[in-house]
Novice: 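Quick one: this structure, given as structure tokens, is what I'll be asking you about.
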2 protein chains.
Amino acid sequence: MTVREIKEKLKNADLKITPQRLAILEAIYKLNNHPTADNIIDYIKETHPSVAVGTVYKVLDALVENHLIKKVKTENNVTHYDGIIYNHHHLYCSESDRIEDYMDEELDELLEKYFSNKGIKNFNIEEIKLQINGRFKKRGGIKK
Amino acid sequence: MTVREIKEKLKNADLKITPQRLAILEAIYKLNNHPTADNIIDYIKETHPSVAVGTVYKVLDALVENHLIKKVKTENNVTHYDGIIYNHHHLYCSESDRIEDYMDEELDELLEKYFSNKGIKNFNIEEIKLQINGRFKKRGGIKK
DNA sequence: GTATGTGCAAACTTTTTGCACTTCG
DNA sequence: CGAAGTGCAAAAAGTTTGCACATAC
């Protein structure tokens, strides 16, 4: 994701292009493992030491509202953010509090087929997201 | 859910039976729509006015850890608790901010079959939860 | 120029913690 | 009796808010 592309996204969303917004979006794309507001603040403090915490939250809210990023909820009550906006699923390990993306077109097709037959009464389905809870195996884990 | 059954559950989990724990579990079963810690505190304040906030959180943690209840994540960052511990899914409508339970054994079997064949590399699956986003149809909706 | 965005600090909400005291088994 | 649980109050953690100032367009 280039700076040019990020600017384009902001423009398309009718959001003014500011250094803070660029830095925050860049941080989200670089830290592509569902950073929290805190992770983002730490990251941009190095290049933009004077960015205020309140601003980061305001910018994140604006980005979410304009569909440039998404909020991701986990079992503990800290909001994570996700720069990938097309539909995908999440693997979540509560032991390490780690979230990874999981994409599976075959699964999506299976689910679509299942629900287009069956439906849910009194409900119009727009999007189906799986949260797959479990444990990452050692080999893919974070070294201590 | 009778008091007797609740006591049995606590016993099976090797948790001591205390008035606070009984009150909190009863509250969760009565307030069966995903109460928050705050909802639970309000509820039990009437019968047990001296229960401390810290105790409620400690009890809830112990119950979650011992699988007597579950945490539920929602859009705002407040933890909700759920007395239904067998696996179930959630229907969520962002327009009305309403969450409803969705249970579907056929679906669970389908998913189990799918993932037991396919697996996910470097990940041990413990639980699969769907969040189905969409809109409740008028007939089942909340009147404005 | 003006609407929009930012910095700052204070406050708010939810949750956690430590320790003395109490209770369950 | 001893281990486990509770009450309390203080404080951590995460997030929101209001307002004066600054900036993008």
Side-chain angles (χ1 to χ4, degrees), chain A residues 3-4 6-27 34-45 47-66 68-69 71-81 94 97, chain B residues 3 6-25 27-28 34-45 47-66 68-81:
Chain A
V3 176
R4 168 140 221 93
I6 294 177
K7 286 187 182 176
E8 199 62 29
K9 278 173 182 271
L10 286 169
K11 206 164 196 172
N12 290 339
D14 268 322
L15 292 171
K16 286 185 181 171
I17 295 162
T18 68
Q20 293 85 346
R21 286 177 175 167
L22 289 176
I24 290 168
L25 269 174
E26 280 193 280
H34 311 93
T36 61
D38 215 50
N39 297 149
I40 294 165
I41 291 163
D42 278 355
Y43 185 86
I44 66 177
K45 272 274 160 71
T47 49
H48 300 72
S50 68
V51 174
V53 173
T55 300
V56 173
Y57 281 101
K58 284 173 194 163
V59 167
L60 288 170
D61 281 353
L63 296 176
V64 169
E65 217 149 277
N66 289 279
L68 271 70
I69 62 173
K71 286 191 179 187
V72 182
K73 302 294 172 175
T74 62
E75 298 308 304
N76 53 28
N77 51 312
V78 186
T79 305
H80 294 246
Y81 296 88
S94 59
D97 197 38
Chain B
V3 175
I6 294 177
K7 286 186 181 176
E8 197 63 28
K9 279 174 181 268
L10 286 169
K11 207 164 196 174
N12 291 340
D14 268 321
L15 291 171
K16 285 186 179 168
I17 294 162
T18 68
Q20 293 85 346
R21 287 179 174 164
L22 289 176
I24 290 168
L25 268 175
I28 292 170
H34 315 286
T36 62
D38 214 50
N39 297 148
I40 294 164
I41 291 163
D42 279 355
Y43 185 87
I44 66 177
K45 273 274 162 69
T47 48
H48 300 72
S50 68
V51 174
V53 174
T55 300
V56 172
Y57 280 100
K58 284 173 194 162
V59 168
L60 288 170
D61 281 353
L63 296 177
V64 169
E65 217 149 277
N66 289 280
L68 271 70
I69 61 173
K70 278 189 177 183
K71 287 189 179 189
V72 182
K73 56 176 178 138
T74 60
E75 292 308 297
N76 49 28
N77 51 313
V78 185
T79 305
H80 294 243
Y81 296 88

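Naming convention: chains lettered A, B, ... in sequence-line order (proteins, then strands); numbering from 1 in each chain. These numbers come from a predicted model, not from an experiment.
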Novice: Picking from D/dT15, D/dT6, C/dT6, which would you name as closest to the side chain of A/A37?
Specialist: D/dT15

Novice: Atom CG of B/L25 and atom CD1 of B/I69: how far apart are they, to the nearest 0.5 Å?
Specialist: 6.5 Å

Novice: Are any of the side-chain heavy atoms of B/V59 and B/L63 separated by less than 4.5 Å?
Specialist: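 B/V59 reaches B/L63 side chain to side chain.
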
Novice: What are the two closest heavy atoms between B/L60 and B/A37, and how far apart are they?
Specialist: CD1-CB, 4.0 Å

Novice: Is the phosphate of C/dT23, meaning OP1 or OP2, less than 4.0 Å from a side-chain N or O of B/Q20?
Specialist: no

Novice: D/dG5, C/dG7, D/dC8: which one has an atom nearest the side-chain heavy atoms of B/R21?
Specialist: D/dG5

Novice: List for me each residue that meets salt bridge (Lys or Arg N to Asp or Glu O under 4.0 Å) alongside A/K9, sequence neighbours excluded, and say none if there are none.
Specialist: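 Applying salt bridge (Lys or Arg N to Asp or Glu O under 4.0 Å) to A/K9 gives none.
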
Novice: Reading nucleotides 17-25 of chain D from the 5' end, what letters show protein touch, with B for base, S for backbone sugar-phosphate only, - for no heavy atom under 4.0 Å?
Specialist: BBB----BS

Novice: Rounding to a whole Å, what distance do you find between B/L10:CG and D/dT6:P?
Specialist: 10 Å

Novice: Tell me: CG of B/N39 to C1' of C/dT13, nearest whole Å?
Specialist: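 Roughly 14 Å, once rounded to whole Å.
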
Novice: Whole-Å distance between C/dC8 C1' and A/I41 CD1?
Specialist: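 A/I41 atom CD1 is separated from C/dC8 atom C1' by 14 Å.
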
Novice: Find the distance B/K71:NZ to C/dT15:P and express it as a whole number of Å.
Specialist: 8 Å

Novice: Write down the distance between NZ (A/K11) and C1' (C/dT4), rounded to a whole number of angstrom.
Specialist: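 Whole-Å distance recorded here is 16 Å.
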
Novice: From NZ of B/K45 over to C1' of D/dC8, roughly how many Å is that when rounded to an integer?
Specialist: 12 Å

Novice: For a quick check of understanding: with a heavy-atom distance under 4.0 Å over all strands, which category does A/T36 fall into, base, sugar-phosphate or nothing?
Specialist: nothing

Novice: Please determine whether a side-chain nitrogen or oxygen atom of A/T79 lies at a distance below 4.0 Å from atom OP1 or OP2 of D/dT15.
Specialist: yes

Novice: Mind checking if A/D38 touches a base, just sugar-phosphate, or nothing, with heavy atoms under 4.0 Å?
Specialist: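 A/D38: no heavy atom of the nucleic acid under 4.0 Å.
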
Novice: Rounding to a whole Å, what distance do you find between B/D14:CG and D/dA4:P?
Specialist: 10 Å

Novice: Quickly work out the B/K7 NZ to C/dG25 P distance and round it to whole Å.
Specialist: 9 Å

Novice: Are the side chain of A/R21 and the backbone of A/K16 linked by a donor-acceptor contact shorter than 3.5 Å?
Specialist: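 Here the side-chain-to-backbone pair exists.
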
Novice: Might you point out which heavy atoms bring B/V51 and B/K45 nearest each other, and give the distance in Å?
Specialist: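 Closest heavy-atom pair between B/V51 and B/K45: O-CE, 3.9 Å.
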
Novice: Are any side-chain N or O atoms of B/H34 and backbone N or O atoms of B/Y81, one a donor and one an acceptor, separated by less than 3.5 Å?
Specialist: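 Absent.
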
